[in-house]
Asks: 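Okay, here's the structure, questions in a sec.
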Amino acid sequence: MSYLNATHDLYKEAAITPDVGLCCTTNPIWELPGLKIPKIMQEMNYGCGSTVHARDLTNTPKILYVGVGGGMELLQFSYFSRQKGGVIGVDVVDEMLEASRKNFQIAEEENDWFKSEFVELRKGDALNLPVEDNSIDVAAQNCLFNIFKEDDLKRAIEEMYRVLKPHGRLVMSDPVCEQGMNDTLKNDDRLRALCLSGSLPIKDYVKALTDVGFGTIEIRARKPYRILDPKHYPTEELVYIESIEVAAIKDPMPDDGPCVFTGKAAIYYGGEDYFDDQKGHVLLKNQPLAVCDKTAGALGALGKEDIFISESTFHYDGGGCC
């Protein structure tokens with residue numbers, strides 16, 4: 001049995017019998033004004049963070065969500081879209097698609113504004129999305145891509161890139177791990193399906209996105225997630241896994257490489273009102289400016305004693321140099 005088959009069977013079981021402990025989410029359940037999330041959707045929330053951010057969802061966007069789970073994030077996305085077929089949900093597991101359809105009927109009863117027709121569910125594979133080229137404003141996946149091995153991960157990201165409109169964004173939440181996973185962990189199909197042993201270091205995760213062509217990467221959150229310990233897993237040392245939330249934007253690739261925001265800021269504290277590097281970056285005196293890692297390196301290379309560059313916080317909340 002391949003790891004993809006193991007994943008299919010695991011989530012088939014989770015669709016038939018909801019498994020509250022399957023994933024340990026690191027976000028509260030957002031219930032926005034007028035939005036009520038049915039209890040069954042909360043029980044089937046098989047993600048490790050959130051991909052729903054209001055700033056991504058202006059002007060009634062066309063949204064794609066891959067790996068539907070119990071439908072919770074599809075419902076949250078519909079809150080911002082509110083149009084027939086405004087949200088497309090894709091899943092390869094028939095039982096999960098059927099569970100989501102039933103959950104949307106409950107959501108209609110609990111939310112006056114919601115209609116099941118707002119969400120179009122499609123049977124499909126993340127590696128071959130049943131979606132047209134350049135048709136999506138916001139694509140999302142939660143705790144799915146970390147399951148894929150290298151070649152399949154590349155293919156899944158390429159598919160998301162293909163369906164996004166220019167300047168569209170891919171919003172993701174996945175486990176990551178800076179420690180090297182041993183071969184036993186990496187090759188355990190069930191642990192990979194459980195979103196544990198496929199976790200990559202952040203730099204490799206980002207590289208997989210930029211290699212496909214995403215010109216701007218935003219790391220929006222980084223949080224503790226799980227521990228793999230020697231008593232319960234095939235490892236001789238504790239393995240610490242984190243959860244990150246990332247947006248990859250289909251911007252053109254700059255000639256000097258991608259803009260990757262990891263939560264760095266530049267602060268000018270010199271004698272003038274501002275500092276202009278003549279490359280599009282103006283630092284007002286004593287006003288932090290969010291900068292991508294590339295710009296942070298360029299400013300640091302100037303050797304100025306009156307510019308402070310902060311370390312990466314791995315929390316980027318918009319604005320800044322690009």
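Quick note: residue numbers are just sequence positions, from 1.
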Asks: Side-chain heavy atoms under 4.5 angstrom apart, residues restricted to Ile, Leu, Val, Met, Phe, Trp, Tyr: same cluster for V291 and I267?
Replies: no
Asks: Sub-3.5 Å donor-acceptor pair from the side chain of K285 to the main-chain atoms of G270, do we have one?
Replies: yes
Asks: Any donor-acceptor pair under 3.5 Å linking the side chain of Q83 with the backbone of G86?
Replies: no
Asks: Here's a test for you: under side-chain hydrogen bond (donor to acceptor under 3.5 Å, both in side chains), which of E108, R101, Q105 qualifies with S116?
Replies: E108
Asks: Got more than 12 heavy atoms from elsewhere within 6.0 Å of CG, D133?
Replies: yes
Asks: Distance-only, no hydrogens or angles: does the R122 side chain make a donor-acceptor pair with backbone N or O of L129 under 3.5 Å?
Replies: no
Asks: Looking at R155 and D125, does any basic side-chain N land under 4.0 Å from a carboxylate oxygen?
Replies: no
Asks: Between W113 and L57, is there shared hydrophobic-cluster membership here, with clusters defined by ILVMFWY side-chain heavy atoms closer than 4.5 Å?
Replies: yes
Asks: Take atom NZ of K304 as the centre, draw a 6.0 Å sphere, and report whether it contains more than 12 heavy atoms from other residues, nucleotides or ligands.
Replies: yes
Asks: If we count only N and O atoms by modelled type, under 3.5 Å, do the side chains of D251 and T216 hold a donor and an acceptor together?
Replies: yes
Asks: Between E245 and K223, does any NZ, NE, NH1 or NH2 come within less than 4.0 Å of an OD or OE carboxylate oxygen?
Replies: yes
Asks: Is there side-chain contact between I63 and L74, with at least one heavy-atom pair below 4.5 Å?
Replies: no
Asks: Do we see a donor-acceptor contact under 3.5 Å between the side chains of E159 and N128?
Replies: no
Asks: How close do V68 and M96 get, heavy atom to heavy atom, and via which atoms?
Replies: CG2-CG, 3.8 Å
Asks: More than 12 non-hydrogen atoms from neighbouring residues, nucleotides or ligands closer than 6.0 Å to NZ on K165, yes or no?
Replies: yes
Asks: Please evaluate residues D183 and K186 with respect to the criterion salt bridge (Lys or Arg N to Asp or Glu O under 4.0 Å), reporting the C-alpha separation (whole Å), side-chain torsions for both, the decisive distance (0.1 Å), and the verdict.
Replies: CA-CA 5 Å; D183 288 341; K186 287 191 292 187; 3.7 Å; yes
Asks: Side chains of E237 and T235: is there a donor and an acceptor less than 3.5 Å apart?
Replies: no
Asks: Would you tell me whether D229 and H232 have side-chain atoms, one donor and one acceptor, within less than 3.5 Å of each other?
Replies: yes
Asks: Run the side chain to side chain contact (heavy atoms under 4.5 Å, CB included) check on L196 and R226 step by step: do they pass?
Replies: CA-CA 8 Å; L196 295 174; R226 293 286 184 87; 3.9 Å; yes
Asks: Is there a path of hydrophobic side-chain contacts, each under 4.5 Å between heavy atoms of I/L/V/M/F/W/Y residues, joining M253 to V206?
Replies: no
Asks: Does K102 have more than 12 heavy atoms from other residues, nucleotides or ligands lying within 6.0 Å of its NZ?
Replies: no
Asks: Measuring from L170:CG to M160:CE, what's the distance to the nearest 0.5 Å?
Replies: 5.0 Å
Asks: Can you give me the closest heavy-atom contact between V171 and T51, atom names plus distance?
Replies: CG1-O, 3.5 Å
Asks: Given 3.5 Å as the limit, does a donor-acceptor pair link the side chain of S310 with the main chain of A265, or not?
Replies: yes
Asks: Under a 4.5 Å cut-off applied to non-hydrogen side-chain atoms, are I309 and I307 in contact?
Replies: yes
Asks: Should R220 and D317 count as an ion pair when the cut-off is N to O under 4.0 Å?
Replies: no
Asks: Measure the shortest side-chain to side-chain distance between L35 and F114 over non-hydrogen atoms and say whether it is less than 4.5 angstrom.
Replies: no
Asks: What I want to find out is whether K62 reaches D137 closely enough, with some N-O distance under 4.0 Å, to be called a salt bridge.
Replies: no
Asks: Looking only at side chains, do Y225 and E242 share a donor and an acceptor under 3.5 Å apart?
Replies: no
Asks: Could you check L4 against F148 for side chain to side chain contact (heavy atoms under 4.5 Å, CB included), going step by step and ending with a plain yes or no?
Replies: CA-CA 8 Å; L4 292 176; F148 293 130; 3.8 Å; yes
Asks: Using only atom types and a distance under 3.5 Å, with no angle test, would you say the side chain of T210 pairs donor to acceptor with the backbone of K207?
Replies: yes
Asks: Keeping the roles fixed (side chain from D204, backbone from L200), state whether a donor-acceptor pair exists under 3.5 Å.
Replies: no
Asks: Just wondering, are more than 12 heavy atoms of other shown residues or ligands nearer than 6.0 Å to NZ in K36?
Replies: no
Asks: Tell me, do I241 and L228 make a side-chain contact under 4.5 Å, heavy atoms counted?
Replies: yes
Asks: Distance-only, no hydrogens or angles: does the E218 side chain make a donor-acceptor pair with backbone N or O of A248 under 3.5 Å?
Replies: no
Asks: Measure across N142 and G49 and return the closest heavy-atom pair with its distance rounded to 0.1 Å.
Replies: ND2-O, 3.0 Å
Asks: Using 0.5 Å steps for rounding, measure from the CD atom of Q76 to the NE2 atom of H53.
Replies: 10.5 Å
Asks: Taking K279 first and then D277, would you say they form a salt bridge - that is, a charged N and a carboxylate O separated by under 4.0 Å?
Replies: no
Asks: Using the rule that Ile, Leu, Val, Met, Phe, Trp and Tyr join whenever any side-chain heavy atoms are under 4.5 Å apart, tell me whether I249 and V212 fall into a single cluster.
Replies: no
Asks: Between N103 and P38, which heavy-atom pair has the shortest distance, and what is it?
Replies: O-CG, 4.4 Å
Asks: Looking at every non-hydrogen atom in both residues, tell me the closest pair between M181 and S199 and how far apart they are.
Replies: CE-CB, 4.2 Å
Asks: Taking 4.0 angstrom as the limit, do R192 and D189 come out as a salt bridge?
Replies: no
Asks: Set out, in order, the CA-CA distance, both residues' side-chain angles and the distance that settles side chain to side chain contact (heavy atoms under 4.5 Å, CB included) for S81 and F118, then state yes or no.
Replies: CA-CA 8 Å; S81 181; F118 291 170; over 6 Å; no
Asks: Looking at D56 and R169, is there a salt bridge between them, counting it only when a charged N and a carboxylate O are closer than 4.0 Å?
Replies: yes
Asks: Quick check: closest heavy atoms across I37 and M41, and the distance to 0.1 Å?
Replies: CG2-CB, 3.9 Å
Asks: If Ile, Leu, Val, Met, Phe, Trp and Tyr residues are connected whenever their side-chain heavy atoms lie under 4.5 Å apart, and connections chain through other members, are Y240 and F314 in the same group?
Replies: no
Asks: Would you say that I157 contacts L209 through its side chain, given a criterion of any heavy-atom pair below 4.5 Å between the two side chains?
Replies: yes
Asks: Establish, from distance only, whether the side-chain atoms of T262 and D293 form a donor-acceptor pair under 3.5 Å.
Replies: yes
Asks: Does the ring of Y79 carry R82 above it, NZ/CZ under 6.0 angstrom from centre and within 45° of its axis?
Replies: yes
Asks: Under 3.5 Å, is there a donor on one side chain and an acceptor on the other for Y205 and D174?
Replies: yes
Asks: Mark yes or no for whether D188, through its side chain, and L191, through its backbone, hold a donor-acceptor pair below 3.5 Å.
Replies: yes
Asks: Under the ring-ring contact (aromatic ring centres under 6.0 Å, His included) definition, can you give me all pairs with a residue in residues 156-177, not counting sequence neighbours?
Replies: Y161-F214
Asks: One pair to check against side chain to side chain contact (heavy atoms under 4.5 Å, CB included): V138 and Y65. What are the steps and the verdict?
Replies: CA-CA 9 Å; V138 178; Y65 189 75; over 6 Å; no
Asks: Any side-chain heavy atom of K294 sitting closer than 4.5 Å to one from V260?
Replies: no
Asks: Would D211 and K154 pass as an ion pair if we require N to O under 4.0 Å?
Replies: no
Asks: E311 side chain to K264 main-chain N or O, any donor-acceptor pair under 3.5 Å?
Replies: no
Asks: Look at atom CD of E150 and say whether more than 12 heavy atoms of other residues, nucleotides or ligands are closer to it than 6.0 Å.
Replies: no
Asks: Do the side chains of D276 and L283 get nearer than 4.5 Å, heavy atoms only?
Replies: no
Asks: Verify the neighbour count for atom CG of D112: are there more than 12 heavy atoms of other residues, nucleotides or ligands below 6.0 Å?
Replies: no
Asks: Quick one: are S243 and V176 in side-chain contact, heavy atoms under 4.5 Å?
Replies: no
Asks: Can you tell me if Y316 uses its side chain to pair, donor with acceptor, with the backbone of G319 under 3.5 Å?
Replies: yes
